[in-house]
Structure formats: structure tokens, C-alpha cells
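Working notes, structure below.
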Amino acid sequence: MGATKLAANPGFSAGLEGVTAARSGLCSIDGQQGRLYYLGYSIEELAQYSSFEEVCFLLWRRRFPTASELKALKKRFVECRALPEEIAPHIERLPKDAAPMGVLRTLASLLCNLDKNQDNGVAANEERAVRMTAQFPTMMAAFHRLRRGQKAVAPHPSLDHAANFLYMLSGSQPTKDEARLMDVALILHADHEMNASTFSSLVTASTLSDLYSAVVSGIGTLKGPLHGGANEEVLKMIDAIGDASKVEAYVRESFRAKKYRIMGFGHRIYKTVDPRARVFKEYARNVVAGTDSERLFNINVRLEEVMQAQVGSKGIYANVDLYSGLVYQALGIPPDLFTPIFAIARVAGWTAHVLEYWQENRLFRPNAEYVGPEPRSYEPVEKRRQDYSKA
Ligand code: CMC
């Protein structure tokens, strides 16, 4: 068969870098200046003054709630926190050593099977977004306690979202400062423009699949160490480094051996320090003061100095994951729950983006630049001489 050279696609961009995949009014980033806004409000102001519940409303409704609307949303969260009764036996049957992100993915998928409502309208999907956001912390806390041989703790009706999560994890009410710390962490992670997991949620949603499936896609994507999974990896890395005096040698060796990326550094969009890292750094500095973790904090500070000298000119700076683990550790949370916390917050962003995208839905279906063999004829197996493993 005559072979025709197939044309290369001039629009190819590896990893879709620089490609604008959707229009959105939710979140904007200035990667050069290190600025992040939800609906025009800076992340610094939101972290200082807002609450996770208020940010959820902002993302879902694209405006701040009135006092009574905020009260109503908080009430709805409280009403929705308890899990459907069919979920508990599933959590009990899961292997105790299962990775929590995999558990969250499975349980989120189960919620879809339990939802018998066929209505796919805006109001029904907003209600699903509220329920998933309310229930993810309950699922994670229940799994965490059961795997440790403890009984799950029922949600506390008079605690806000962040405080209730800490309460369900530990069984005791957090202090005001601890609750605020978790609230800020959830605000910082609630949305982040067209990140990989939001994009995969939108790809799933664009086929007119359902909101749960879109969120499950997001969870699966967030799990990877180049995305949400980096926060857990950072703590492993700084534990392995052990002391600030060893940072320089560690970074030098990593670069020399091209072993792996320095976790908690680098970002596709930010070419300076991620503003969320700045906020986390100050909270981390306060919570580690006078504790053993001060040593780990100092490793991070030194890593920032060494990385700036080595690769600052390439725009590789601290990202959100560098200091978040130290904050979670101070709250008594084990490393394998760090990425689930990211998901517990980001479900607000995923659902908000899907709800927005569905208003003017268009199927995502990009091209691939074909680099394989030219067209050729089928060869029956008995006539094949070629060793295909070497083709
Ligand atoms: N350590 C060392 N080198 C790095 C790093 C890093 N963390 N990040 C990027 N580089 C280098 C990379 O080796 C490459 O160098 P060269 O041009 O010489 O080959 C250059 O920077 C560009 O890298 P890239 O992989 O093309 O850039 P990207 O935009 O695809 O990468 C990233 C973004 C986040 C995947 C990457 O920076 C990385 O792997 N970071 C470590 C993992 C991490 O912390 N992820 C969390 C991201 S923030 C939370 C979230 O929202 O997901």
C-alpha cells in the first residue's frame, strides 16, 4: 500500500502548556507576580478573613453569601455530613492498609451509585456538590479511625466544617487556633484555575457524564506526586534530609544524578513563589516554634535558599506543598491524609468548575500528533517475519 507522510500537527504543545482549554470566571493566577484570586478576591485576604464554607458559596454561586445564606449553607453542611447507611459496611471492608486517596476515590464513586435522583439540573447538581463536600471529611475520618482499630466518630452538629473534620479524626474538639489552621488550609486548596485535576473533571463532565464521575476523575488525577501527592512526598524528603546542614549536598546530588524532582518546588504557572506557600510558611513557622518540627521547618527554609540559587533563574520556587505538611503534622495528621485534605477542599473547586462549564458545554476532544508507522497492509500471522518487539 502506498504510504503517505501524515502531516505533523502545528498546534502540538506537550502537557498542553500554554493552551487555554476553557473560559472561567472563578479563579485567576498571575504566575509572574505570584498572585491568586478567587472571583477577584486575593487568596491572602480570603485566608485572613473568610471561611471554607463562605469560599464554597463564592465558588458555587460566584458571589459572597449574605449572613443568612451563609448560615443556611453551614446548616446544610451539618445536615449532610452523616454518610448514607450503605457506606459504613464498605469502609469496614476496605483493607486497613489501603491508600486513603484510593479509598476516597472508591467511596466517592459509591455515592454515585446510591444517588437515585435522575434530575441532572443545576439545582440537583448544586445539592450534590454540597453533599460531597460535606461528606468527604466524614469518609476520610471514619476510614482513618477504623484502620487504627478505633470507632468512627459521628459528626458534631455545632462545629464548623474544618473544626468538625479535626473532631471526627481525633475524637476531641480542636482548639480555636487548630480549627482556624485547618480552615485556612481548606481555603488555600479550594480552587486553582485549570490545574490537572480540574481539567480532568471537566473532560469527564464534557461528555455529559455525571458530577460524581467528574469528581472521581479529579481525585484520581490529584493523587499523583506531580500534583496533590507532592505534599506527602515533601515530608518524606525532609525527613530523609534530616538537618538543614545537609540540604545543599542533597540538592546537589539530586541534580547531579537527575534522581528526582525536589518536591514542593516548581509549578507550571508560577514562576515565583506560590502565594499559598507564603501563607502556609507563616502558619508553619508559628506552629513549629519550640517543637521538634522546627528542625524540619529549617530544612524547608534552607531548601528555598539553595533552590533559589540553583534554579531560581528557571522560575522554580516553593509551591503550596512545601509547608502544608508541617502544618498538618502539627495538627496530628498522618502524611497519607495530606493529599485527601487537598481533595476535601478541592471538591468545591471541581464541582464549581463543572457547574460553570455545563452552562456552555462543549466536548473535550483534542488531537494527537501522530508519530507512528505510515499506513501499511495487514499481514496474516503465518506470513509475519518481522520481530514486532523490535519494531
Ligand atoms: N525540582 C527540580 N527541577 C525541577 C522541578 C523540581 N521540583 N520542577 C521543575 N524542574 C525543572 C525540570 O527538570 C526542567 O528542567 P530542564 O528544562 O532543565 O529540563 C524544568 O524545570 C521545567 O520542568 P517541567 O517538568 O517541564 O515543568 P512543568 O511545568 O511540567 O512542571 C511540576 C511542573 C509541578 C510538575 C514540576 O515543577 C514538578 O515536578 N515539581 C515537583 C512536584 C511538586 O511539587 N508538585 C506540586 C505542584 S503544586 C500543587 C498542585 O497544584 O498540584
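Each ligand, and each atom within it, is numbered from 1 in the order the structure gives.
Note: no N/O pair closer than 3.5 Å links K271 and ligand 1 by distance alone. Considering both main-chain and side-chain atoms, H192 never comes within under 3.5 Å of ligand 1 through any nitrogen or oxygen pair. Close N/O approach between H227 and ligand 1 is found [any backbone or side-chain N/O within under 3.5 Å].
The residue from T204, T221, L355, I219 that alone fulfils the side chain to side chain contact (heavy atoms under 4.5 Å, CB included) condition with W350 is I219. None of F265, F342, F280 except one satisfies the side chain to side chain contact (heavy atoms under 4.5 Å, CB included) rule with D321; the exception is F342.
Closest heavy-atom approach to atom 41 (C) of ligand 1 among the candidates F265, F255, F342: F265. The closest heavy-atom contact to atom 43 (C) of ligand 1, among the options A230, A318, G224, S254, comes from A230. Looking at V234, D321, L322, I262 and measuring to atom 6 (C) of ligand 1, the nearest heavy atom belongs to I262.
Looking at E233 and R261, no side-chain N of the basic residue comes within less than 4.0 Å of a carboxylate O on the acidic one, giving no salt bridge. Electrostatic pairing of R147 and E92 does not count as a salt bridge here, judged by no charged N lying under 4.0 Å from a carboxylate O. Look at E69 and R61 and you find no salt bridge, because none of the NZ, NE, NH1 or NH2 atoms lies under 4.0 Å from a carboxylate O.
Of all atoms in ligand 1, numbered sequentially from 1 with element shown, those under 4.0 Å from a heavy atom of P225 are 42 (C), 45 (N). Within ligand 1, the atoms closer than 4.0 Å to a non-hydrogen atom of G266 are 34 (C), 37 (O), numbered from 1 in the order shown. Near H267, with a cut-off below 4.0 Å to any heavy atom, the atoms of ligand 1 are 37 (O), 48 (S).
Using a distance-only test at 3.5 Å, with no hydrogens or angles considered, no donor-acceptor pair links the side chain of Y357 to the main chain of A352. In this structure a side-chain-to-backbone donor-acceptor pair under 3.5 Å is missing from D183 to S51. Formation of a donor-acceptor pair under 3.5 Å by the R63 side chain with backbone atoms of L58 is not found in this model. Of the possible polar contacts, none joining the E17 side chain to the R268 backbone as a donor-acceptor pair under 3.5 Å is found.
Of all the heavy atoms of K314, the ones lying under 4.0 Å from any atom of ligand 1 belong exclusively to the side chain. Only the side chain of V320 comes within contact range of ligand 1, with a heavy atom under 4.0 Å; no backbone atom does. Heavy atoms of I316 found under 4.0 angstrom from ligand 1 belong exclusively to the side chain.
No hydrogens or angles considered: nothing links the side chains of N361 and S206 as a donor-acceptor pair under 3.5 Å.
Residue contacts with ligand 1 include L226, since one of its heavy atoms falls under 4.0 Å from the ligand. Within the structure, ligand 1 lacks A196 among the residues with a heavy atom less than 4.0 angstrom away. Heavy-atom distances between N195 and ligand 1 stay at or above 4.0 Å for every pair. Taking 4.0 Å as the cut-off, G264 counts as a neighbour of ligand 1 on heavy-atom distance.
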